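Worksheet: one structure, shown below.
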Protein chains: 2
Amino acid sequence: MTSTRATLIEVARHAGVSLASTSRALHGTGASPAMVERVRAAADELGYSPDVTGRSLRMKKTFQVAFAVADIGNPVYVEMMTAIHEVLEPHGFRVVVLSTGPTVDSTSELVRSLGSRFVDGLVVSPLRTDDALVEEIRSAPVPVVVIGRALDEQGIDSVSTDSAGGIGQAVRHLQGLGRRRIAFLNGPLDTTPGRARQRGFDAATGREGSDGTGTRALADDFTVAAGLAAARRLLDPQDGSARPDAIVAANDLLAIGAVRAARERGLGVPTDVAVTGMDDTEIGRVYEPSLTSVSLGSAERGRAAARLMLDRLAGDAAAAQHVAIGPRLLVRESTAGTTGPTKEGA
Amino acid sequence: MTSTRATLIEVARHAGVSLASTSRALHGTGASPAMVERVRAAADELGYSPDVTGRSLRMKKTFQVAFAVADIGNPVYVEMMTAIHEVLEPHGFRVVVLSTGPTVDSTSELVRSLGSRFVDGLVVSPLRTDDALVEEIRSAPVPVVVIGRALDEQGIDSVSTDSAGGIGQAVRHLQGLGRRRIAFLNGPLDTTPGRARQRGFDAATGREGSDGTGTRALADDFTVAAGLAAARRLLDPQDGSARPDAIVAANDLLAIGAVRAARERGLGVPTDVAVTGMDDTEIGRVYEPSLTSVSLGSAERGRAAARLMLDRLAGDAAAAQHVAIGPRLLVRESTAGTTGPTKEGA
DNA sequence: ATGAAAGCGCTAACAC
DNA sequence: GTGTTAGCGCTTTCAT
């Protein structure tokens, strides 16, 4: 540890000039070249580095943006965070990681804590929202961008994707491959993603008739194990109906569970049963067979949110914005389809 | 947005007491119950929430700790970050995510930037270190904990694991299963992990004789694709030597590449070729076959580092500490072994 | 137990 | 272009 940190006032004294000139010289704003030279030298000599706490207090800016989610370890959120960091960092903003906690109330509390002014803005992806939370966000003391559902009409900047439409893309892809009995493997319905994806599947298959398309199973959780258990039920119909020839899973982990259940029964994937996942995770890309998956553009959503934030931080006072990131089907081995909106090699 | 934020001085006026008493009452330190009551009421009424920038300036504490790595998206670092967050958050510390950049110099620069006092401490896991960086860290103006190699002798708190020993565990596990020709699939040797793992393999197999054990291949990168390419060379010996009956891979992604290469050749895993990975990633747990892998305890290392940091932050001035987290072999399907230090179901 | 006042390090009026 | 000065919001001596 070097002696004691030099402050601006010490640099000023060392250079034999005023405090104000020192500050100006260091920021290169309205100081003569000679002054800049002189102050720089003094600063270097003392090993000066500006103290951001003083700066923050004075400027009422922390140069920090918070990113808050319920589960920081979730790959989807990791991608968002990485993207947000990449956008913000070049603009001199640091990223603070926060946890929303599991409930709406804990999320509200987090938004309220923004009153302490420890960040200049918040990007948050809440698991669920209610009117109270929406109101809390609208009246937050710093800009907030929500990743989740469209909230611009309630005056909140937001970024969303269309997971329901993404499920639709998967269904149509499978239909295009000639699959007739398409089943849906979803996670719990008391979650926002669970509900949206269910809606998407219903919308895409609602009018399909009774050829097996529309069969559903709910996993207890968005995991491989839960997906395996639920997919077994799907592949062993109790009611005498025909076995599905395709399974649309609500995420990649469930899809892997489905592939396993198929193999247990000696069924080939995609030959006997085609399987699609969602989220385009690395795990799905690396799995065998590699998973056809609907990307929800986590990184893009993060980037979009960060850019909205930058605009607000720059003083943009326009009406609340909404950015929608379209889902993209990535066709891989688990359906081995050669048609569809998007193609991609393994 | 509510009118204008209330400050402590306004709460004081509203309560009709002094600024000092207000501060004390809000912190519950040395104030009469009556005073506390009165101030609380005033604060609630004005919707007061303390401004941390003022607090930070005055107390010379930011209540923030930085976590810096080269690649925030890497699952290993994500686990560390999550663990660090979990330890620090209950103590009132926020976690700021930083990037070290790819080089030693950029890491040095980051350490130097600590002079700005935007965090109270830094947990960093540098890709590589040199004497200059070590010196920079030692003389940093805030506590620094390094996750990587032991640095307590140079006066730096550190947490490390023994990846070399972990490779040794994998080798002995395979030997215990009767495998005789154990090959090593490593990533680039100009990386710290690459070198350490190579050392571990050499140490574990050095005296094994010339039965094929000790064959090595280097992948260009720690990825599935690079692993696949390198594993092909391993399984098609050009020099007429016998094909390996086991491959120790330097991480899980390389291991998956090895499994694929084996399958391409119609070889069964683990029957014909047993494969081990390292890092115990979700991807390895979920893969088929699930991967026997050496856990390097990322979460534990994160926790240990966070606890060391908490001690320093609490004013602990003892000599530099070092915590070593032992590697643990997790036996799964890719070796299907029933012996070994640790067992775990899929 | 309470109040008065200093001051953390910085930037930005304002005057020259 | 440079200097003087106020003050951001807070905690903490120091006196009472």
Side-chain angles (χ1 to χ4, degrees), chain A residues 3-40 42-43 46-64 92 113-120 141-142, chain B residues 3-40 42-43 46-64 92 113-120 141-142:
Chain A
S3 52
T4 148
R5 284 174 33 71
T7 70
L8 194 62
I9 202 164
E10 283 155 10
V11 176
R13 267 201 274 273
H14 198 78
V17 300
S18 80
L19 178 61
S21 296
T22 310
S23 175
R24 282 188 294 247
L26 257 22
H27 290 85
T29 132
S32 66
M35 176 68 82
V36 171
E37 171 63 24
R38 196 166 166 181
V39 169
R40 281 258 169 76
L46 297 179
Y48 171 77
S49 64
D51 183 312
V52 299
T53 61
R55 185 160 206 260
S56 290
L57 176 57
R58 178 61 228 242
M59 299 183 71
K60 293 178 169 305
K61 281 187 117 251
T62 61
F63 304 96
Q64 295 187 154
S113 77
L114 260 26
S116 296
R117 291 301 167 85
F118 60 97
V119 288
D120 298 337
V142 298
Chain B
S3 52
T4 147
R5 283 174 34 71
T7 70
L8 195 62
I9 202 165
E10 283 154 12
V11 176
R13 268 202 273 274
H14 198 77
V17 299
S18 80
L19 179 61
S21 296
T22 310
S23 176
R24 282 188 291 248
L26 258 23
H27 290 83
T29 135
S32 66
M35 175 66 84
V36 171
E37 171 63 23
R38 197 167 165 179
V39 170
R40 280 259 170 76
L46 297 180
Y48 171 77
S49 65
D51 183 310
V52 298
T53 61
R55 186 160 204 261
S56 290
L57 177 57
R58 177 60 228 242
M59 298 184 71
K60 295 181 169 303
K61 283 186 118 253
T62 60
F63 304 95
Q64 295 186 153
S113 77
L114 260 26
S116 296
R117 291 299 166 86
F118 60 96
V119 288
D120 298 337
V142 298

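This one's a predicted model, so the numbers in the text were calculated from it and none came from an experiment. Protein chains get the first letters and strands the later ones, always in sequence-line order, with residue 1 at the start of each.
- Counting to the nearest Å, the C1' atom of C/dA6 and the CD1 atom of A/I9 are 14 Å from each other.
- Using a 4.5 Å cut-off on side-chain heavy atoms (C-beta onward), B/T7 and B/E10 make contact.
- Whole-Å rounding puts the A/L26 CG to C/dC10 P distance at 9 Å.
- In this model, the phosphate group of D/dC8 is not approached by any side-chain N or O of A/K61 to a distance below 4.0 Å at OP1 or OP2.
- One interatomic measurement links the two molecules: CG of A/L57 to C1' of C/dG7, which rounds to 12 Å at whole-angstrom precision.
- Distances shown here put every side-chain N or O of B/R55 at or beyond 4.0 Å from the OP1 or OP2 atom of D/dG9.
- Between the CZ atom in A/R117 and the OG atom in A/S56 there is a gap of 12.0 Å [rounded to 0.5 Å].
- In terms of the side chain to side chain donor-acceptor pair (under 3.5 Å) criterion, residue partners of B/T53 (sequence neighbours excluded) are, by chain and number, B/D51.
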**Item:** Criterion side chain to side chain contact (heavy atoms under 4.5 Å, CB included) on A/T62 and A/F118, from CA distance to verdict
**Value:** CA-CA 7 Å; A/T62 61; A/F118 60 97; 5.6 Å; no

**Message:** Under the criterion side chain to side chain contact (heavy atoms under 4.5 Å, CB included), I'd like the reasoning laid out for A/Q64 against B/Q64: C-alpha separation, chi angles, the key distance, then a yes or no.
**Reply:** CA-CA 11 Å; A/Q64 295 187 154; B/Q64 295 186 153; 2.8 Å; yes

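- No engagement by B/V52 is indicated, since no non-hydrogen atom pair under 4.0 Å with the nucleic acid exists.
- The side-chain heavy atoms of B/F63 and B/R55, taken from C-beta on, include a pair separated by under 4.5 Å.
- In terms of phosphate contacts, A/T53 brings no side-chain nitrogen or oxygen within less than 4.0 Å of OP1 or OP2 of C/dC8.
- Along DNA chain C, the nucleotide nearest A/S49 and the nucleotide nearest B/P33 are compared for position; the residue whose nucleotide lies closer to the 5' end is B/P33.
- The separation between A/L8 atom CG and D/dG3 atom P is 13 Å, rounded to whole Å.
- With D/dC8, C/dA4, D/dG3 as the candidates, the nucleotide lying closest to the side chain of A/K60 is D/dC8.
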Which atom pairs link the protein and nucleotides 12-16 of chain C when you take only N or O atoms and keep those under 3.5 Å?
unit_1 : atom_1 : unit_2 : atom_2 : d
C/dA12 : O4'    : A/R58  : NH2    : 3.1

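- Rounded to an integer number of Å, the gap from B/R13 CZ to C/dG3 P is 14 Å.
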Name the atoms and distances for all side-chain donor-acceptor pairs under 3.5 Å in residues 15-23 of chain A, with sequence neighbours left out.
unit_1 : atom_1 : unit_2 : atom_2 : d
A/S18  : OG     : A/A20  : N      : 3.4
A/S18  : OG     : A/S21  : N      : 3.1
A/S18  : OG     : A/S21  : OG     : 3.1
A/T22  : OG1    : A/S18  : O      : 2.7

